[in-house]
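Letters go in sequence order (proteins before strands), and every chain restarts at 1. Heavy atoms only: backbone and side chains are in, while hydrogens, waters and symmetry mates are out.
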Amino acid sequence: MGPVRVRFAPSPTGELHIGGARTALFNYLFARANRGAFILRIDDTDLDRSRPEYTEGLLNSMRWLGLDWDEGPYFQSQRLEEYNGAAARLLEEKKAYHCYCTPEELAGGREAARKAGKPYMYPGTCRDLSAEKAREHRAAGRKPVVRLRTPDHGDTVVQDLIRGEVRFDNRTLDDFIIVKSNGLPTYNFASVVDDALLEISHVIRAEEHLSNTPRQQICAGALGYTLPRYAHVPMILAPDRSKLSKRHGATSVEEFREGGYLPEALINYMVLLGWSPGEAEIISLDEMASLFSLERVNKTAAVYDTVKLTWMNGHYLRELPLDRTAEAALPFFGAAGLLEPPLEDAELHHFKNIVDTVRDRVKTLVELADACTYFYKDDYTYDPKGVEKHFRKEGSAQLLRRAADLLRHLEPFNVETVETAYRGLSKELDVSTGRLIHPTRLAVSGRTMGPGIFDIIGLLGRERTISRLEKAALWIG
RNA sequence: GGCCCCAUAGUCUAGUGGUUAGGACGCCGCCCUCUCAAGGCGGUAGCGGGGGUUCAAGUCCCCCUGGGGCUACCA
């Protein structure tokens with residue numbers, strides 16, 4: 001058997017969604033697991049729907065996920081000679097023929113079949129058209145398509161690496177179009193030609209393509225190509241069990257990136273949809289690559305669940321090296337107006353400390369930036385519920401003033417000494433530490449929840465803590 | 001409608017004839033604790049239905065039901 005060569009062949013008609021990304025991931029892993037090549041091909045033969053900016057987005061999403069390709073991207077729109085040559089050969093060998101039926105005529109036939117409750121197939125109108133009739137059609141300005149002559153009997157058998165042997169009755173397959181009237185190849189044709197020319201060894205793609213596989217095999221057979229091995233991976237469904245689409249909220253890689261998800265988390269979550277590593281679920285891209293095999297890919301469509309994805313993102317946020325989490329978080333702090341990269345050393349160090357104390361309380365980078373605003377901004381407001389609970393109590397303002405006074409002369413000033421001082425003060429005033437801590441947190445952060453108060457104070461520093469304490473005492477009145 | 005694929009908790013999954021049906025998310029409870037998390041511990045919940053085959057079926061076969069896909073001059 002030759003070298004393993006696989007491809008991911010999206011069409012640039014939208015953003016890369018989680019289903020496509022998972023297929024790309026499986027291809028990437030299979031290539032790495034078998035020391036093969038992972039090839040990227042852009043199937044842009046649909047002129048109306050393909051857009052260059054989608055191609056750009058696709059490449060960006062792939063790079064962001066870390067799914068680096070070894071060859072390509074190839075663009076089908078730039079390989080038209082290949083398809084034309086192949087089609088000409090088929091025409092020459094009478095394995096294909098021109099069809100002059102108009103879309104309207106075909107639609108009429110379909111409609112009639114539907115009304116009669118009969119299955120529709122192309123009736124073969126132009127299968128054996130006389131030269132004269134063809135001339136007439138051309139004279140009338142009709143632009144032909146090219147159809148492949150498909151067998152009228154027998155079976156076409158797909159040997160699928162995941163689904164086993166799948167048998168199709170050739171009588172249910174009609175003479176399908178391989179070249180459109182605009183001269184561009186259809187998917188079933190271009191895909192077959194390219195897979196052969198690029199010497200693809202394994203076609204790993206979503207299950208929605210299984211039903212098209214017999215057509216492609218017939219096509220490849222007519223062209224004399226050796227068939228690739230096929231592996232149809234289960235689909236990823238939206239929570240309502242329907243095919244993924246925009247109305248299901250965030251489904252694209254780009255949306256997840258903007259939503260504050262880490263590529264590590266998204267990759268790890270996606271690989272679990274349809275494949276299982278056996279032991280631990282938390283697994284890195286490198287580990288997946290060494291473990292991956294098609295035998296462990298299951299057959300069942302998976303419903304994706306953002307709750308688990310989000311949990312996993314939180315997990316990666318706090319388990320990844322601090323530098324990595326901070327690096328990923330920085331753009332979000334920039335977008336929130338908290339920081340303006342690039343940072344000076346001291347700023348960066350401070351930023352990392354903040355990320356480190358906050359990161360195990362959030363699940364996304366967006367939440368992380370949001371949970372850190374008060375470290376950078378003074379204009380926060382006090383949480384109303386917190387005000388009721390912690391400020392409205394008799395003596396709260398006085399407590400805050402006492403705390404401020406205490407911190408003013410504390411030497412040295414650090415997390416440990418502040419804590420000791422606070423606990424001492426609560427004893428001295430004969431109040432619970434909570435009675436001191438809760439108003440303090442509200443005063444210095446505006447919030448009732450968050451990191452340990454001494455960590456917050458340590459990060460804020462003496463000056464800002466004191467001024468916030470005094471400001472709050474004044475505010476209480 | 002025709003053809004094809006699929007079927008273990010709410011979700012993702014392990015399981016390949018003999019298991020107390022395992023793990024993860026979620027949910028609930030407890031511990032920890034200045035709050036919120038994180039973490040630790042415990043609990044909740046499952047083989048779609050019916051027939052076979054077999055000493056024995058989540059595992060094999062058939063039917064039904066349910067879900068999904070294809071059936072385009074989309075990919």
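In this structure, the CD atom of E208(A) is 19 Å from the P atom of G67(B), given to the nearest Å. Atom-to-atom, CZ of R205(A) to C1' of C5(B) comes out at 14 Å; the value is rounded to the nearest Å.
For G29(B), the paired base is C41(B) (Watson-Crick or G-U wobble, both distances below 3.5 Å). Across the strands present, A24(B) finds its partner in U11(B); the criterion is a Watson-Crick or G-U wobble pair with both atom distances under 3.5 angstrom. Partner assigned to G1(B) is U71(B), using Watson-Crick or G-U wobble distances below 3.5 angstrom. Summarising the base pairing, C55(B) is matched to G18(B) through a Watson-Crick or G-U wobble pair whose two defining distances lie under 3.5 Å.
Put simply, the side chain of R167(A) and the base of C4(B) share no donor and acceptor less than 3.5 Å apart.
Relative to the side chain of R163(A), the nucleotides A72(B), A24(B), C6(B) differ in distance, and C6(B) lies closest. Listed candidates were G68(B), G15(B), U35(B). Nearest to the side chain of R296(A) is G15(B). If you check G69(B), C6(B), U35(B) against the side chain of K243(A), the one that comes closest is G69(B).
Side-chain contact, Y230(A) with R205(A): no donor N or O sits under 3.5 Å from an acceptor N or O.
Here the side chains of Y304(A) and R22(A) are not in contact, with every heavy-atom distance at 4.5 Å or above.
S181(A) comes within 4.0 angstrom of a nucleotide base, judged by non-hydrogen atoms across all strands. Within the nucleic acid shown, P10(A) has no heavy atom closer than 4.0 Å to any nucleic acid atom. Nucleic acid contact class of R241(A) (heavy atoms, under 4.0 Å, all strands): sugar-phosphate only.
Nearest heavy-atom pair across Q216(A) and S191(A) is OE1-OG, 4.5 Å.
Taking atom C1' in both C55(B) and C62(B), one finds a spacing of 23 Å when rounded to whole Å. Distance check on atom C1': U44(B) versus A9(B) gives 10 Å, rounded to whole Å.
Put simply, the residue from D43(A), D44(A), I42(A), T55(A) that forms a side-chain contact (heavy atoms from CB on, under 4.5 Å) with P10(A) is I42(A). For the pairing with S396(A), the side chain to side chain donor-acceptor pair (under 3.5 Å) check across R401(A), R435(A), H438(A), H390(A) returns one residue only, R435(A).
For the pair S211(A) and G69(B), the criterion of a side-chain N or O lying under 4.0 Å from OP1 or OP2 is not met. In this structure, T45(A) does not reach the C74(B) phosphate: none of its side-chain N or O atoms is under 4.0 Å from OP1 or OP2.
For the segment residues 359-376 of chain A, residues with any heavy atom less than 4.0 angstrom from an atom of RNA chain B are, sorted by number, D360(A), R361(A), K363(A).
Taking CE of M235(A) as the start and OG1 of T300(A) as the end, the distance is 13.5 Å to the nearest 0.5 Å.
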